[in-house]
Structure formats: structure tokens, C-alpha cells
**Student:** 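Have a look at this one before I ask anything.
Here the structure is a predicted model, which is why all the values come from computation and not from measurement. Letters A, B, ... mirror the listed sequences (proteins, then strands); counts begin at 1.
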Number of protein chains: 4
Amino acid sequence: MAGSVNKVILVGNLGRDPEVRTFQDGGKLCNLRIATSESWKDRNTGERRERTEWHNVVLRGDGLVRVAEQYLRKGSKVYVEGQLQTRKWQDQSGQDRYSTDVVVAGLGGTLTMLDGRSGDGGGGGYGGGQGGYDSGPQGDPYGGSQGGAPAPASGGIDDDEIPF
Amino acid sequence: MAGSVNKVILVGNLGRDPEVRTFQDGGKLCNLRIATSESWKDRNTGERRERTEWHNVVLRGDGLVRVAEQYLRKGSKVYVEGQLQTRKWQDQSGQDRYSTDVVVAGLGGTLTMLDGRSGDGGGGGYGGGQGGYDSGPQGDPYGGSQGGAPAPASGGIDDDEIPF
Amino acid sequence: MAGSVNKVILVGNLGRDPEVRTFQDGGKLCNLRIATSESWKDRNTGERRERTEWHNVVLRGDGLVRVAEQYLRKGSKVYVEGQLQTRKWQDQSGQDRYSTDVVVAGLGGTLTMLDGRSGDGGGGGYGGGQGGYDSGPQGDPYGGSQGGAPAPASGGIDDDEIPF
Amino acid sequence: MAGSVNKVILVGNLGRDPEVRTFQDGGKLCNLRIATSESWKDRNTGERRERTEWHNVVLRGDGLVRVAEQYLRKGSKVYVEGQLQTRKWQDQSGQDRYSTDVVVAGLGGTLTMLDGRSGDGGGGGYGGGQGGYDSGPQGDPYGGSQGGAPAPASGGIDDDEIPF
DNA sequence: TTTT
DNA sequence: TTTT
């Protein structure tokens, strides 16, 4: 079906360090565990309550994975934009199981760091290592192909694009 | 945790009619099954491929449920804005299972119809039966309390707010 | 500055046909005029009121422009995702003026058709001519480079990617 | 027109302290000046370039304004969700002028602080004053009216909802 | 398992 | 005018 949109936007903190898996062909994938929380006052008791939601985030594409490996740690706060994908798998007893991930792919997905602390207690800080990584940069914001040499319409991820 | 965001935006079509459940206290909940699809050309074979993702969407709040009951049908195209929530439940064998829903709640969530056909093949068209329902209207878009009598800061869902 | 996000999401209808400009180098740009509306009940008078907002949308990138030229017309309903950009210009009297556009760029921006009618009153319908164009496809949704030949990390816009 | 969406999502920093205006009826409005930036490598020269975009953000609703007054300062990083609105006004010579704002309204709009430093060099820090304010909380995330006493479907902004 |  |  054309004419559809599948988009997730999260701002939250990593519950643990990023986990990277490498495939036989050298491709990489990175799993993030991201917490979002909300709090509200119970209308009956008047107590403040809080609920934390945990999200399985999958980064695909070598550039995104490299950024996560280098800059993200348990506790890091990030903005991610991706899409919902539900995977089917079999448990040990052979039963079908389903898991839903937020997939941030090389193109179209976005990962932006919102602090530089990396959750390690050292370094970082306000003027420090803040960084961001947008896997889908919109290129020269001043124009498309007009102006200057014709752009090779590259896209993809370029070492030089690491923005720190 | 303050400082977090958990947002899902979907545009897709209902795979079946909405399913409404009523609770003992009269509260209602509505389940929607929404499909989003994307297609791409396989880089190796050059063939066009397509993948459809199915989303469990839960509408909470009587106003949202009423709109869904009245206006949505299998095939309806909708815009929904909600948040990710993963539920834990036990299967027949007592094993823990998890399911992830897109929850569209009375406040903060949004449901907008993108066609007026309601999947029935009739009507619709540009000037026709388009409808929408925004559970979180921003009130008078021209102002807050300034101008006119002080707004009672209502919010919530009001019969008169059904926008068709 | 790393760590920032500038994103606009619109669902609305074209108030007139797309307007395409071609540059000396062959590059193209397309202007869309998109209306979004909201209605609410006046808290004082109880009357229903409506407000329409008009948005200047600029499509950059030959692929996006081509899709707009071929498929969009006055009345078409679209989903667009882009970013805010304010331009400075001089009026006839030499005074500085500013205009704010929603810029949908080749990478990162998205244009999806939500009807197939193209404003012409014909066709369309549920199983019919719906179309969409996502300038930032996430490639093979089943994987990155893992599986199959290494992906050339193309990106950009490809004639073959026109998804109709 | 029903069936439309007008949404802006920004993550950026305040270029100056919030500016609050109070109306005769006691209503309040707050202006924020928010910067978003992106950087990219020039395809011709290979140089890294950067572009900053400035956004006029208008907070409406006493709760949102109060939070901005108390917690935001020049330099604060925030997430805002609002809608585009273009205002018409007359300059000194009586000519029509237009300005486009991102309006964050009491319901439907969101303001979330992403740091606690408030740009003042004092206090805050990692474990400190982080805060957030969501003007459109989804209430009890575990349910609607089901469970417990019937919810008064309040909405609006409640002193007790200040989430710090 | 994060964060406040 | 912010931030990196």
C-alpha cells in the first residue's frame, strides 16, 4: 500500500551500553534499550505515580552503528526517529513469538545525541562532547542541484559526515 | 523521568472493522488493526518488493471510541498519533508474553480520518465526507484566555466537539 | 549545533496545482500551497468556527519534483515531512522581508500522496490509484548490508524508485 | 477541512531568556527564540558548513507559560511540539506583513526540558534540576475511565501537574 | 536497565 | 540570539 506512514519518535535514556552485532559479511547492527517515562498524579489518591516504558531500538547501517559505539553509553540521552517493525521468532519450544522494535535505518532514520556525558560520569558536561548524528542529512540546506557542481546525490553514510 | 518523548505517528488503513470493548464501569476501549506498507526495489534482483507492517492500535477515552465506532470501517484510512506501550500477559501455559500497542489516549493522542468513505466504496471526494477527530484540540486557535470570557479550561471530550 | 531537530509534519490539501521552476543547471524546485484546517466550538457563543492555515511547501530534488508534477493537482491530499526554513528577501522598496517555508529535501524529507484522485474528480478509491513517494526510503526493510550482496548504499533518488 | 495535521517538532536551544506578556484579563503568553542547527560537508570544497535556523515559538496557556518562566533560560535545550501559524500584521507604513510562529498551546502542544541547567551556569547539572512539562499528559497511562472513580476528564493545566 |  |  502506498500512502502510508510508520514513524516513531523517542527521546529517552539508554538503560545499558549499546550492543553491537557483526554479520559474516561485515555488516553491523546495534541494539539500544531506551527508557521513556511519564508521571502523573493519581486522581483518586492524589499520589504522584510514574510509569517507565522500555523500547527495543535497532540501528541498521554502519554509520549509525559506529556513532552509537563511539558516543553512546548507559545513561546517554538520545533522540531517535525510526519505524515500528514486529519480528516473528520461535522460542525454545518452537512456539511463534513476536517482538516489536523501533528500527532506525541508514536512510530515513535519525539518531541525535542530546547530551555528551555518555553516562560514564566523566568528561562531557555542558560545553563538552555533545554530539549528534543525523543519518538522513538533507544535504546542502541551501539548494538541491542548483548552484555549484551537480551534486552526486549520494546519501548513505560518509565517514566525513560524522559531525563531531 | 522528565525530559522524555514517546510518540508514534501512523498513516494507514484498517484491516478490519474497529473492535470495541466496554468495561463494567461503562468505560470503553477500541482496538484498531492498521496496516502500513512500503515498497522498494531489490538491489540484487531489481524486483519490486513490498512489506506490510500491522499495528495494534488501542483507543482509550469515550470520545475517541465513539468516533471510531461511528466512522471507521475496514479499509478506512486514518492518521493516528499515540505512544508505544508494551503489555505483559500470560499465555495458556502460563508463560510470560509481551505485546506492543500504539495507545491513543483521550488527551495527547490524535485520530484523524483521511477519507470519508469509511471503507464502503461510496461518497468521499474532495469537498465531501472527509472527517477527522482530534482528541487534543488546541482550543480556540486565536488565543488562550485572552479575549472573550475566561475559558473554562475544559479539555477532555465533549459531544459538541465531534467534528462532522 | 549538533543535538537539534527541525521537523514539520503536514497532512492537507493543495490549494492549487504545483508550480515548478527549473534552474539554469537543470535543477528543479516545486512550490506547493497546502491548507490545513481545524475547527472548534466557540466557548462563548457555542458556534462552530473553523480556521484554515496555508503553508508554503518547497520540494527540492528532482525526484520529488517529478512526482509532484506528475501526480499532484489542486485538491490532492498529501502527507509531507520537512523542515522549517525562513528566507530573507527584499521587497520593491528594498525593505527586508522574511518568509517561512516548509522545505522537503531530497534526503530526509518525505512526500506521500493520500489519495489517488489528483484533484480531478476521477478514479481513486480504496483499491485504486493511491500512491506515495517517500524520498527517504529506508531501503530493504529486512536488513542492512547483511544478507545478499553488499548494498551499494545508494540512497538519493532513482527513477526506479517511483513507487506507482 | 477536517482530516488535516499541522505539527512541528523542534529540539533546540533558547537564544535568549523567555519573554512573557500578560494580558488585561490576566492571561499570559510566552515567546521563545529557539535555534536549530545542522552541519554538512560542502560537496565542492569539502569544507564543513553550518546553518542555524531561528524559530519564533509562542507558548499559550498559563501552565506552559509558568513553566517557561520558572525553568527556561537562555541556552536551555528543549523539545517543543506545536503547530505552524502565520500572523498578519501591519508595519509602520501600514503595509501588510506576515510572520510565522510555532504555537504551543495548552492542549495538544508539548514543552519538555532536555537539560536542567537553564543556561545560568549555576545549579542543575546532570543529577540536578532536569525537568519537563507536558501540557498534554495522557492522564493515567493504565486506563481511561475504567478502574477507580470516574475521572473528571479535567485536562487543562493543574498546579499539581508541575512535574518537578 | 535509564532518568527525574 | 543558542549550541557544537
**Student:** Taking NZ from C/K88 and P from F/dT1, how many angstroms apart are they, rounded to a whole number?
**Tutor:** 13 Å

**Student:** Hey, are D/S37 and D/T52 close enough side-chain-wise for a donor-acceptor pair under 3.5 Å?
**Tutor:**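 Judged by distance alone, the side chains do pair up.
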
**Student:** Between atom NE2 in D/H55 and atom P in F/dT1, what is the gap in whole Å?
**Tutor:**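 About 17 Å, once rounded to whole Å.
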
**Student:** Does any non-hydrogen side-chain atom of A/L72 lie less than 4.5 Å from one of A/V78?
**Tutor:** yes

**Student:** When you check the side-chain N and O atoms of A/D96 and A/Q90, is any donor under 3.5 Å from an acceptor?
**Tutor:** yes

**Student:** Tell me the interatomic distance from D/K77, atom NZ, to F/dT3, atom P, rounded to whole angstroms.
**Tutor:** 10 Å

**Student:** Less than 3.5 Å between a donor and an acceptor, one on the side chain of A/T36 and one on the base of E/dT2, is that the case here?
**Tutor:**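 No, the side chain and the base share no sub-3.5 Å donor-acceptor pair.
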
**Student:** With respect to the side chain of D/K74, which nucleotide from F/dT1, F/dT3, E/dT1 is positioned closest?
**Tutor:**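 The listed nucleotide nearest to D/K74's side chain is F/dT1.
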
**Student:** Figure out the CD1/C1' separation between D/I34 and F/dT3, and round it to whole Å.
**Tutor:** 13 Å

**Student:** With the side chain counted from C-beta on, respond yes when A/V80 and A/I34 share a heavy-atom pair under 4.5 Å apart, and no when they do not.
**Tutor:** yes

**Student:** Rounded to whole Å, how long is the line connecting atom CG of D/D17 with atom P of F/dT1?
**Tutor:**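 Going from CG in D/D17 over to P in F/dT1 covers 14 Å.
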
**Student:** Whole Å only: how far is the CG atom of A/N13 from the P atom of E/dT2?
**Tutor:**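 Whole-Å distance recorded here is 10 Å.
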
**Student:** Heavy atoms from C-beta onward define the side chain here; which of E/dT1, E/dT2, F/dT1 lies closest to that of D/R33?
**Tutor:**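 Nearest to the side-chain atoms of D/R33, counting from C-beta on, is F/dT1.
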
**Student:** Which listed nucleotide (E/dT2, F/dT1, F/dT2) is nearest to the side chain of D/T52?
**Tutor:** F/dT2

**Student:** Tell me whether the ring of A/W54 lies stacked over the E/dT1 base, given a 5.5 Å limit on centroids and a 30° limit on the plane angle.
**Tutor:**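 Stacked: ring centres under 5.5 Å, planes under 30°.
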
**Student:** In this structure, how many angstroms lie between the C1' atom of F/dT2 and the CG atom of D/N56, rounded?
**Tutor:** 14 Å

**Student:** Please determine, for the side chain of D/S37, which listed nucleotide (F/dT1, F/dT3, E/dT2) has the closest atom?
**Tutor:** F/dT3

**Student:** What is the distance, to the nearest angstrom, from the CG atom on A/L114 to the C1' atom on E/dT2?
**Tutor:** 14 Å

**Student:** Test of understanding: with salt bridge (charged side-chain N to carboxylate O under 4.0 Å, His left out), list the residues that count as partners of D/R21, not counting sequence neighbours.
**Tutor:** none

